[in-house]
2 protein chains.
Amino acid sequence: MCTHLEAKDTLEIECSIEKALSVLGGKWTFLIIRDLFCGKRRFGELRRSLCGISPKTLSLRLKELETKGIIERTAYPTIPPTVEYALTEKGKSLKKIIKEMKLWGANWG
Amino acid sequence: MCTHLEAKDTLEIECSIEKALSVLGGKWTFLIIRDLFCGKRRFGELRRSLCGISPKTLSLRLKELETKGIIERTAYPTIPPTVEYALTEKGKSLKKIIKEMKLWGANWG
């Protein structure tokens, strides 16, 4: 970590971090991911848990996370239809970052 | 991490994480912090290391980081004046988050 950065290194690091930030960079996005660390959730369960989120925003954020491969959506052919959201392996791998951010915010924020 | 979130918990976590994100949330901000992990740097050294940053942007970001208590600025009474920037203890404590983000971005981004 302690040699002077070359342009190439800077670009690589920038890319890695920007990828992480682009996933975690929103308030609701982060809270959805954190909720899903507790297990699968239906749309209504997420909405009730994330006090104050509008159904439209929740729906948008879930679609973004699905596109990025962080969560997966499973629809069951019940009447009415049941849809569940769960973290993928990629999503689960965010756990350490979230833990460190939580610790830092609590100690220093 | 795995009970249903209460509104109070959600708020607390949200606060912790938002504090961490507000510090790390910009491309240049992050790269400045990472550069300073290698030791003290003068303005000109930072500008050369962060290829592409404008002096105005670098100056703004340094002021923001100083206001947030992440870096400290030391001016020496030389001619011309010398100014050095270094991480504070609060700034140094970001190391684990940055490490985890870098690993995640490299593996999954």
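These figures come from a predicted structure and were not determined experimentally. Each chain gets a letter, A, B and so on, in the order the sequences are listed, and its residues count up from 1.
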- Same cluster or not: are B:Phe37 and A:Met101 linked, directly or through other Ile, Leu, Val, Met, Phe, Trp or Tyr residues, by side-chain heavy atoms under 4.5 angstrom apart? yes

- So which of A:Lys68, A:Glu100, A:Glu89 has the largest heavy-atom pair count under 4.5 angstrom toward chain B? A:Glu100

- Query: Does any heavy atom of chain A fall under 4.5 Å from the side chain of B:Ile70, the backbone, both, or neither of them?
  - Reply: side chain

Can you give each donor-acceptor pair under 3.5 Å made by side-chain atoms of residues 73-80 of chain B, sequence neighbours left out, with the distance rounded to 0.1 Å?
residue, atom, partner, partner atom, Å
B:Tyr76, OH, B:Glu84, OE1, 3.3
B:Thr78, OG1, B:Pro80, O, 2.8
B:Thr78, OG1, B:Thr82, N, 3.1
B:Thr78, OG1, B:Thr82, OG1, 2.6

- Message: Please enumerate all residues that pass side-chain hydrogen bond (donor to acceptor under 3.5 Å, both in side chains) together with A:Arg61, with sequence neighbours excluded.
- Response: A:Glu64

- Task: Test A:Lys96 against B:Trp104 for side chain to side chain contact (heavy atoms under 4.5 Å, CB included), laying out the working first.
- Result: CA-CA 9 Å; A:Lys96 281 185 186 173; B:Trp104 190 86; over 6 Å; no

